[in-house]
Amino acid sequence: MLTEILINLFERDLSRLEDEIAAYDTEEAIWRVQEGIKNSAGNLCLHLCGNLQHFIGAVLGQSGYVRNREREFADKNVPRQELLALVGVTRRVVLTVIVGLTPETLAKTYPERVLGEMTTNHFLVHLYGHLNYHLGQINYHRRLTQ
């Protein structure tokens with residue numbers, strides 16, 4: 001049951017991430033950093049995709065994805081179409097892996113120690129919260145910078 005809920009929520013909010021990135025008036029605005037703001041929407045988008053592709057795709061799905069967290073925040077001016085393609089790939093990876101998780105796997109301790117020991121179920125809920133937190137930041141960033 002939790003799997004179905006997570007599939008629905010990740011599908012919905014990764015689609016919202018695409019919508020937010022697509023809604024910027026210009027590509028330059030995606031990368032704008034206002035005073036008092038540390039990250040652009042582009043960097044937050046890269047970070048979300050890297051985070052999900054690592055913790056869900058690579059760790060749970062053995063996708064082979066290799067994360068470079070520093071680049072998620074260092075890269076600049078990645079074209080909008082590349083960001084949107086990356087979100088699409090991330091969505092497919094996330095949904096494919098979650099669909100394939102068994103109740104036994106979900107009940108086990110998450111394979112990587114990140115925030116202390118927790119079940120895979122618990123960590124997936126945490127990852128969804130992380131996605132939503134940054135999605136809200138991107139929405140606010142878009143409205144502030146346009």
Side-chain angles (χ1 to χ4, degrees), residues 1-24 29-34 36-145:
M1 176 138 143
L2 180 60
T3 302
E4 293 171 12
I5 293 167
L6 288 170
I7 289 167
N8 179 277
L9 293 172
F10 276 111
E11 171 69 33
R12 181 193 72 188
D13 288 347
L14 285 167
S15 292
R16 286 181 176 168
L17 177 57
E18 284 178 325
D19 292 344
E20 286 294 337
I21 296 301
Y24 276 83
I30 295 169
W31 298 96
R32 189 175 298 139
V33 179
Q34 302 282 90
I37 297 175
K38 286 186 170 190
N39 297 305
S40 69
N43 290 116
L44 290 172
C45 181
L46 292 172
H47 171 62
L48 287 169
C49 291
N51 179 273
L52 293 171
Q53 287 210 46
H54 172 75
F55 289 118
I56 295 176
V59 175
L60 295 176
Q62 285 103 36
S63 67
Y65 179 82
V66 177
R67 186 177 190 188
N68 185 338
R69 191 175 188 282
E70 289 179 15
R71 285 194 63 192
E72 294 166 14
F73 295 100
D75 282 356
K76 305 293 179 212
N77 301 314
V78 175
R80 182 191 327 246
Q81 288 308 314
E82 285 184 37
L83 291 174
L84 294 173
L86 182 59
V87 175
V89 168
T90 301
R91 179 178 38 252
R92 283 188 296 282
V93 167
V94 165
L95 298 178
T96 300
V97 170
I98 292 175
V99 163
L101 295 175
T102 66
E104 295 78 25
T105 300
L106 291 166
K108 288 182 184 177
T109 300
Y110 183 75
E112 219 176 79
R113 190 174 180 99
V114 183
L115 302 169
E117 190 172 302
M118 63 182 73
T119 65
T120 299
N121 268 330
H122 186 148
F123 194 64
L124 288 171
V125 171
H126 164 77
L127 291 173
Y128 172 71
H130 178 260
L131 165 63
N132 217 285
Y133 174 77
H134 287 311
L135 180 59
Q137 288 179 317
I138 291 169
N139 173 269
Y140 198 66
H141 176 272
R142 180 182 53 77
R143 291 181 292 123
L144 277 176
T145 58

Please work out which of the three classes, parallel, tilted or perpendicular, describes the rings of Phe123 and Phe55, given edges at 30° and 60°.
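Geometry flag for Phe123 against Phe55: perpendicular rings.
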Do the rings of Phe10 and Tyr128 sit parallel, tilted or perpendicular, given the 30° and 60° boundaries?
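It falls in the perpendicular class, over 60°.
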* Would Ser40 and Ile30 satisfy side-chain contact (heavy atoms from CB on, under 4.5 Å), going step by step from the backbone distance to the final call? -> CA-CA 6 Å; Ser40 69; Ile30 295 169; 5.8 Å; no
Residues Thr145, Gln34; criterion side-chain contact (heavy atoms from CB on, under 4.5 Å); working and verdict: CA-CA 7 Å; Thr145 58; Gln34 302 282 90; 3.5 Å; yes
Beyond-backbone contact of [X] with [Y], side-chain heavy atoms, under 4.5 angstrom:
X	Y	value
Arg12	Asn132	yes
Val94	Glu11	no
Leu86	Gln53	yes

Given the options Leu101, Val125, Ile7, Leu2 meets side chain to side chain contact (heavy atoms under 4.5 Å, CB included) only with Val125
- Under 3.5 Å donor-acceptor, Asn43 side chain and Asp75 backbone: yes
Walk me through whether His134 and Leu17 qualify under side-chain contact (heavy atoms from CB on, under 4.5 Å).
CA-CA 9 Å; His134 287 311; Leu17 177 57; over 6 Å; no
With a cut-off of 6.0 Å (strictly less than), are more than 12 heavy atoms of other residues, nucleotides or ligands near NZ of Lys76? yes
I'd like to know whether Tyr133 forms a ring pair (Phe, Tyr, Trp, His ring centres under 6.0 Å) with His130, so could you lay out the CA-CA distance, the side-chain angles of the two residues, the decisive distance to 0.1 Å, and finally the verdict. CA-CA 5 Å; Tyr133 174 77; His130 178 260; 7.5 Å; no
* **Stepwise side-chain contact (heavy atoms from CB on, under 4.5 Å) check, Leu106 with Leu124** => CA-CA 9 Å; Leu106 291 166; Leu124 288 171; 3.6 Å; yes
What closest approach, in Å, do Leu46 and Arg71 show between heavy atoms, and which atom pair accounts for it?
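The pair with the smallest heavy-atom distance is CD1-O, 4.5 Å.
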